[in-house]
Structure formats: C-alpha cells, structure tokens
Amino acid sequence: MIRSSAEIRQAFLDFFATKQHQRVASSSLVPGNDATLLFTNAGMVQFKDAFLGAEKRSYTRATSSQRCVRAGGKHNDLENVGYTARHHTFFEMLGNFSFGDYFKEDAIAYAWEFLTDVLKLPKDRLLVTVYESDDEAFDLWANKMGVPEDKIIRIGDKSPSKKYESDNFWSMGDTGPCGPCTEIFYDHGEGIFGGPPGSPDEDGDRFIEIWNLVFMQFNRQADGTMDPLPKPAVDTGMGLERIAAIMQDVHSNYEIDIFQNLIADAAALLDCNDIEHKSLRVIADHIRSCSFLIADGVMPSNEGRGYVLRRIIRRAVRHGHKLEAKSHFFHKLVASLAKQMGEAYPELVQQQAVIEKILRVEEEQFGRTLDRGMALLEDILSNMDSDTIAGDDVFKLYDTYGFPADLTADIARERQLKIDQNGFDVAMGLQRERAQQASNFGTDYNEQLKSDHTTNFKGYTNDSYSATVVELFNSEDSVNELKAGETGIVVLDSTPFYAESGGQVGDSGMLTFPEGQFEVQDTVKLGNAFAHKGIAHADIGLNRRVKAEIDTARRDAIVKNHSATHLLHATLREVLGDHVTQKGSLVDADKLRFDFSHFEAVTADELRLIEHKVNALIRHNQQRETALMQIDEAKEKGAMALFGEKYDDEVRVVTLGEASIELCGGVHVERTGDIGLFKITSESGIAAGVRRIEAVTADAALDFVDEQAHKLGTVAALVKSDVPGVTIKVEQMLTRAKGLEKEIAELKQQLAAAAGADLVSQAQDINGVKVLVANLDGVESKALRGMVDDLKVKIGSGIILLGVASGSKVSLIAGVTKDLTGQVKAGELVNFVAQQVGGKGGGRPDMAQAGGSDAAALPGALDSATAFISEKLG
C-alpha cells in the first residue's frame with residue numbers, strides 16, 4: 001500500500017508518465033523566467049512561458065513535483081507556520097499540466113483515477129467544488145465520474161460587484177491567462193469540526209482541499225474583457241504534505257513521516273522531551289525552506305530574497321532559544337533533512353557542507369544579539385500599559401538587535417499582544433523600503449513590449465551580415481518607419497549583433513543602407529527577437545535591406561573579458577572549493593565583474609594564486625570548442641549550468657581547454673591566448689556569503705599594471721626612496737607617525753584633565769543638586785567620556801552635560817551619578833538637547849552620547865537644558 005511521502009511522490013509521477021506526460025524536474029526556488037515572483041510558489045511557475053505561448057516545448061503534457069516557498073511578498077505563510085496544521089514556508093506541489101492538449105474532461109478523469117484507483121481513497125470521503133457558472137465541469141463530475149450532485153458544490157463570486165473573484169476562479173494576475181477551477185476536498189470525518197466549502201464553517205479542519213485543477217480558458221484584458229484562449233490549458237496542483245497526511249491516517253501535516261523524523265531529531269538536539277511543542281514544528285518546517293533556498297543559491301542578506309531567508313533562519317533560532325537551546329543547533333538538522341529528502345533532491349546531499357556552514361554563520365551572528373534583544377523586549381513588555389508594542393520599540397529591536405518586525409509580532413502573538421505595524425513602518429523609513437522591495441513585484445502581461453519575430457543570430461562567425469528590417473518600434477509602439485533623428489528599435493530577420501544576456505552586454509555598431517545609417521547603441525532580447533536600440537540618422541522603414549556591422553574593436557574586448565570569466569570561475573572552484581558557484585556577472589568592453597558564493601574574504605595569497613593560475617591557462621593557448629547537445633548530455637560531460645538560468649532541451653556548451661566547460665550562449669575568443677593578460681583589480685563582499693571580483697584583460701590589464709607602477713614610483717619619490725626600498729621606508733615613516741600620534745593623544749588627555757578640574761568650579765546648585773552644563777572649546781569628542789568619568793568622581797553626586805562644536809558638527813555627552821538616575825536619565829537629557837541641534841541620541845540612564853549638525857544652535861540648546869533639569873528635579 002502506498003503510504004510514505006516518497007512513495008506518493010513516485011506514484012504520482014509514474015501515473016502521469018503512463019498518461020504520456022513528460023516528467024520534468026523541479027525548477028529552482030528562484031524563478032528563472034518570472035521577475036514578478038519572489039520565489040517559486042506553485043508547480044506552474046516554470047511552465048509560465050509555455051502557458052503564455054511565449055515558449056514552445058517538445059511536449060504538450062508534463063508532470064512534476066515542484067519544491068515551493070511561500071514566505072514573502074504576496075504569497076506569505078510565514079506567520080501561520082507552527083500555529084496551524086497545514087501552513088508551511090516550504091512544501092512540495094505535485095502537478096500535471098497540459099499546454100493546449102487535453103482539457104477539462106481528461107484532467108478530471110485523471111485526478112479521479114489517481115485518487116480512487118491508485119491511492120484507493122474512499123469515494124464517499126471526497127467532494128468537489130466548481131465555479132458557479134461552470135456547467136461543463138459540473139456535468140463531468142456528475143455524469144462521467146459518478147459523483148453525487150449533493151457532493152458537487154458551486155462556488156460563486158465573493159460579491160456581486162467583483163466578477164470572477166472567487167475561490168474557484170484562478171488568474172495569473174490582474175491581466176493575462178485565467179479561468180475556472182475545480183477543487184477536490186477530503187472529508188476527515190464527523191469527529192473534526194468544520195463544514196463543507198461555501199458553508200459558514202468552511203474554515204474548520206474537517207473538509208480539506210487536496211487538489212486544485214485550473215482550466216485556463218481566457219485571457220483577461222486591462223478593461224476586464226475575457227477573450228477565449230486559442231488553446232485552453234490545464235494547470236493542477238496537489239500538496240504532497242496534505243495528501244501524505246491522509247494516506248498516513250493523520251490529521252496534521254506535521255504528523256507525517258518527513259516531519260516526524262525532523263521533529264524527533266530536533267528534539268534530540270535540543271534535549272526537549274515535549275515532542276508536541278509547536279516550536280519543534282517551526283524548526284522542522286524552517287530547516288526545509290532554509291536548506292533548499294541555500295541549495296538554490298539564495299544567501300542571507302538585508303534585502304530581497306536574502307532578507308526573507310534571514311528572517312526564516314532567525315525565527316527558527318528564536319524558537320530554539322524558547323526551548324533553551326544550549327548551543328548552536330539549527331545547522332545540525334541539515335544532515336537529518338538530507339537523509340529524509342536527499343534521494344529525491346540529491347543537491348541536498350551534494351551541498352550539505354555548504355548549507356551547514358551558511359546556517360552556522362547566521363546562527364552565530366544572530367545568537368550574539370538574541371539574548372540582549374530578548375532582554376530589551378522583556379523590559380518593553382513589562383512596562384506596557386496596552387496590548388500593542390509601540391512601533392518605535394519594534395524598530396529599535398530590528399535596528400539594534402536584528403529582530404525583523406514579524407519576529408517581534410510572532411513573540412507578541414504568543415503573549416496575546418500585537419505590534420503597531422504602522423508606527424514601525426514610519427520608523428523604518430528607507431531601511432524598510434529597501435528590505436521590502438522584493439514584495440513590490442507586479443506586471444501587466446498584456447502591456448509588455450512584444451515581438452512575434454525570431455531573429456537568426458549570425459554573430460558567432462560573422463562581424464557583418466546583410467539582413468531585412470522586419471519590425472520597428474519608437475518609444476511607445478510598433479511603427480512602419482523611424483524618421484531621421486528619432487530613437488527607436490530595429491528588429492532584423494538575421495543579425496551578427498549579440499543581444500545582452502548571460503552577463504555579456506549587447507553589441508553596438510551600424511546598420512547601413514543606401515539612404516544612410518541607423519546607429520546601434522545597444523542590443524537586447526525581445527522574446528526571440530533581437531532589438532537593436534539606437535538612433536536613426538536617416539529615414540528607415542519596414543522591409544529595408546541593411547548591412548549590419550558590429551563595432552569589432554568593442555566586441556573583441558568584450559569576448560576577451562567573457563572568456564576570462566569562464567577561466568576565473570573554474571580557477572575559483574579549484575582554489576577555494578566546489579561550493580563556489582556563479583551568482584552574477586557583467587562582461588563589457590572595459591572590465592569583467594564576477595560574483596560568486598564564498599563565506600569569507602579571499603586572502604591576498606589566494607588572489608595571487610588565482611591570478612597566476614588564470615594567466616597560466618591563458619598562456620596554454622588552448623582552442624575554444626563549442627558544441628550543441630542535449631542538456632542531460634552536457635551535464636554528464638561536466639558542464640556547469642549557471643544559477644537562475646533557464647535552458648532549452650538543446651544547449652550550447654563552451655569548452656576552454658581542460659579547465660572550463662560551461663553552458664553558455666555568449667561569444668568567446670578562438671584561443672585562450674587571445675585574452676593576453678588577466679589582472680584582478682578588486683575583491684569585495686556584496687552580501688552575506690557572496691563575494692565579487694573585478695578584473696581587466698589584454699590592453700586594459702597592461703594599462704592597469706602601468707598605472708600601478710607609476711603610482712608606486714610616485715610614492716617612492718615622495719618618501720625619497722627608490723622603488724625596491726619603498727616598502728621599508730613607508731613602514732619606518734608609519735612607525736614614527738604612530739609614535740607622534742600617541743604623544744599628541746597623551747598631551748590632549750592631560751589638557752582635558754586640566755580643563756575638567758577647572759570645570760568643577762562652574763557647577764551650579766539646582767534644588768540641592770550639583771549641575772554642570774558646559775560648552776567646551778578645543779576638546780576632541782573622543783575625550784568627552786573620560787572627562788565625564790573624572791568629573792563624576794570629583795563632584796561626588798550630580799548631573800553633567802558637555803557640548804563641543806567642531807565645524808558644523810556637534811558632540812554631546814551627559815552623565816548622571818547613580819543616586820540621581822531615578823530623577824534625571826542621561827539618555828533623556830542628551831536626546832532633549834540633541835533634537836535642538838539637528839540630531840538625536842540616547843544611552844544608559846547614567847551615561848549617554850549624541851550628535852548633531854547645527855553648531856550655531858548649541859549655546860541655546862545647552863541653556864535650555866538647565867530648565868529641563870530643574871523641572872525633572874522639581
């Protein structure tokens with residue numbers, strides 16, 4: 001009998017293979033063909049272009065088990081994870097798809113057959129929903145499948161004014177493909193609360209949706225018009241975890257085999273005896289999403305996808321903290337996950353060490369601030385007089401301790417509290433805008449610039465080519481002619497111009513015809529067409545024959561840099577390890593930029609070795625080879641596929657000697673020796689776990705070396721040395737300078753101490769308390785803290801406020817002796833003054849510092865402090 005999650009997954013794929021469906025591997029969690037999505041959140045995402053008609057595949061039926069994440073943007077289940085039986089950040093979606101092949105009748109028949117004949121679910125436990133006006137689906141269920149009519153529920157629009165807004169009407173967006181859907185529900189029995197779909201109690205857990213069959217019938221326009229699609233399609237999705245719960249006779253997804261094993265291993269790591277604790281559920285769920293996201297190339301960061309990953313990691317670590325984790329634990333669960341799911345997803349096993357290292361680094365970083373952040377939160381909670389945590393406090397937890405707002409909300413919900421989200425949004429300002437930019441996805445599928453033409457690329461072997469103009473665009477729309485002086489786009493039937501893709505920039509050059517020229521400033525892709533962007537120097541119309549000539553000097557520089565990135569990629573993996581994968585690149589005529597996964601700065605010795613090895617490969621002068629082959633054959637040969645790229649069944653493989661084999665559609669040198677010289681110009685970190693190397697080649701590399709030599713010679717002349725001895729001479733001068741700086745610092749400290757002694761006599765008495773407020777001249781801001789400590793000792797009991805102006809900048813410090821902090825807090829005092837000089841600040845009750853930008857306002861601000869202190873002491 002089919003019971004385990006692995007058996008169900010395999011049975012599903014095997015069943016649809018017998019129905020002539022092509023088995024398609026799960027795509028990456030980072031959509032390679034959809035800029036509107038944060039993560040892959042459904043099985044249909046990788047087939048989106050096929051549904052839109054923008055991509056032709058070698059099959060019209062497909063089946064897959066797609067890994068999905070819903071934890072950011074529009075589709076966000078994060079806050080519910082751990083609190084419900086069926087919400088997850090990561091889940092698997094079983095699906096079967098038809099691209100203009102079969103439609104409703106076969107889709108319904110296949111679903112019914114799989115559930116009742118293969119999985120042998122009792123028919124009397126199943127009921128279905130259809131869109132209110134979808135009589136065809138209703139009749140198929142009733143008359144073909146034999147489902148009793150009282151178990152076929154029509155679901156209408158949510159309100160009369162919102163046409164097609166229904167749980168049983170699916171759409172890709174506000175515009176684009178859409179259509180009715182039919183959903184299959186499983187009845188868990190009378191012992192579970194809840195009513196059937198469409199009833200007042202439909203949110204209960206008795207009737208659970210297990211499969212959704214979407215019938216794409218229409219293309220919705222911006223004005224609401226529903227145009228019938230010429231080739232209706234089918235998109236279905238069934239959650240593996242939900243169907244596994246039914247097959248394993250449990251009610252909660254967290255009780256199925258995969259989760260039970262992860263929960264048991266987490267409990268053992270945390271020494272937790274309460275196996276039902278919800279925090280264990282959260283941790284088991286989150287190790288899945290975090291591990292798969294990292295395996296697909298996402299790195300923790302403070303923006304976009306990386307920010308979502310960081311939020312999930314920190315939520316898991318916080319729940320481990322709730323269970324009194326005695327050490328870093330989260331990364332240790334990767335081994336358990338690889339054991340559970342590694343057979344279906346071997347990348348988990350292959351990248352286990354990398355995933356563990358990234359999670360360990362994140363866990364350590366957050367762990368250093370977690371205890372202090374929780375202490376601050378407990379202090380905030382203990383002083384609350386309402387059920388809402390103030391937005392400023394939520395922001396402080398985020399800004400100081402790395403607590404995302406939803407993590408604070410998660411903790412608040414456990415205490416039956418909530419957060420002031422609006423207040424947090426205001427306080428977050430630009431930081432929040434950057435952190436949530438990934439949620440601002442959206443597009444109108446019917447308003448994109450489109451071309452139905454296919455351009456034949458001739459640029460692998462030709463610098464110029466005679467071609468015909470097949471389409472023209474001005475800045476707004478397709479046109480029949482571009483006038484002289486007008487900017488626009490020319491689409492040709494064939495071209496030697498490379499269109500920007502894979503990191504290589506587009507070519508520039510000229511389109512020449514009898515009446516004049518069109519200057520091509522850039523070349524980009526427009527679907528399958530190549531768009532030559534530029535300016536017309538003479539009128540150019542459709543069907544015009546032109547001679548397309550690229551700027552060969554620029555192209556030569558570009559291809560040298562492009563081939564160098566391939567050699568660099570291979571060398572990085574050799575020197576740093578197989579965990580290195582490309583995370584982005586830019587190849588233009590001036591330089592190359594290469595981003596890659598690595599967890600620490602590349603050392604000077606490593607950079608030197610990398611540079612030497614790349615240049616050795618260049619000197620080998622090996623022939624470049626290119627070949628077209630099937631994707632599986634290419635991978636077997638060892639070709640590296642780039643993260644996030646979408647490849648056709650047939651791919652182009654570029655081989656540069658024995659060192660580099662990559663899938664690449666770009667243009668390359670004939671021999672590695674053509675690159676000439678490779679020189680690294682910089683190495684830096686651009687995100688957590690992602691490094692960037694910039695380099696130059698050929699003439700640009702020689703220019704760089706010459707410039708560095710010139711600078712070194714200039715330095716040698718300035719320090720009165722020759723070039724061989726310049727290092728020793730500079731070291732001697734730096735040693736002497738440090739000694740002088742130390743002497744100066746000691747003298748300044750002595751002057752500050754003397755000034756402090758004089759200040760004591762300036763203290764005034766306010767309500768029996770010694771108060772010293774002083775505007776200082778010639779004192780460095782870094783000496784203020786020492787001065788306040790000395791003054792506290794000298795006055796014994798009192799309040800001190802010092803201000804220093806340097807140019808337009810203001811430095812403030814307040815000190816309050818311990819016996820007076822109940823009446824006047826240093827943080828409040830310094831913040832009161834700072835606000836008047838264009839700044840803000842705070843700190844402990846006994847010591848606080850702040851800055852400002854309005855030096856002219858400092859005297860008046862210090863004067864007002866006396867009244868502030870008097871009021872507090874009154």
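Computed over heavy atoms, backbone and side chain alike; hydrogens, waters and symmetry mates excluded.
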Residue pair Glu241, Arg288: steps toward the salt bridge (charged side-chain N to carboxylate O under 4.0 Å, His left out) verdict: CA-CA 13 Å; Glu241 293 80 6; Arg288 300 210 307 164; 2.8 Å; yes
Worked verdict on Glu55 versus Lys48 for salt bridge (charged side-chain N to carboxylate O under 4.0 Å, His left out): CA-CA 9 Å; Glu55 175 189 4; Lys48 189 171 184 177; over 6 Å; no
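- A parallel orientation is assigned to the rings of Phe292 and Phe90, their planes being inclined by less than 30° (bins at 30° and 60°).
- By the side chain to side chain donor-acceptor pair (under 3.5 Å) test, Gln248 is found to be paired with Asp257, residues two or more places apart in sequence or in another chain being considered.
- Ring orientation note: the planes of Phe97 and Phe99 are close to parallel, at an angle under 30° on the 30°/60° scale.
- Asp205 is linked by a salt bridge (charged side-chain N to carboxylate O under 4.0 Å, His left out) to Arg86, counting only residues two or more places apart in sequence or in another chain.
- The stretch residues 177-195 participates, sequence neighbours left out, in these salt bridge (Lys or Arg N to Asp or Glu O under 4.0 Å) pairs: Asp187-Arg206.
- Here Ala335 pairs with Gln352, Glu356 under the side-chain contact (heavy atoms from CB on, under 4.5 Å) rule; sequence neighbours left out.
- Scored by the salt bridge (charged side-chain N to carboxylate O under 4.0 Å, His left out) test, Lys418 finds no partners at all (sequence neighbours excluded).
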Criterion salt bridge (charged side-chain N to carboxylate O under 4.0 Å, His left out) on Arg67 and Glu92, from CA distance to verdict: CA-CA 5 Å; Arg67 51 184 184 266; Glu92 288 183 77; over 6 Å; no
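- One distance of note links CD1 of Ile389 with CZ of Arg415; it measures 8.5 Å at 0.5 Å rounding.
- Applying the side chain to side chain donor-acceptor pair (under 3.5 Å) criterion to Lys231, with sequence neighbours excluded, gives no partner residue.
- For Tyr131 and Phe215, the ring centers sit 6.0 Å or farther from each other.
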Side chain to side chain contact (heavy atoms under 4.5 Å, CB included) between Thr60 and Tyr102, worked out: CA-CA 9 Å; Thr60 56; Tyr102 62 85; over 6 Å; no
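- Ring-plane geometry between Phe259 and Tyr254 is classed as tilted, the angle between the planes lying from 30 to 60 degrees on a 0 to 90 degree scale.
- A salt bridge links Asp14 with Arg23: the closest approach of a Lys/Arg side-chain nitrogen to an acidic carboxylate oxygen falls below 4.0 angstrom.
- Screening Asp135, Asn168, Asp134 for a side-chain hydrogen bond (donor to acceptor under 3.5 Å, both in side chains) with Arg154, the sole residue that qualifies is Asp135.
- Checked for salt-bridge contact, Glu165 and Lys158 miss the test: no charged N lies under 4.0 Å from a carboxylate O.
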Worked check of side chain to side chain contact (heavy atoms under 4.5 Å, CB included) between Val130 and Ile153: CA-CA 6 Å; Val130 298; Ile153 303 170; over 6 Å; no
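- No salt bridge links Asp124 with Lys151; every basic N to acidic carboxylate O contact stays at or beyond 4.0 Å.
- Aromatic ring centres of Tyr110 and Phe114: separated by at least 6.0 Å.
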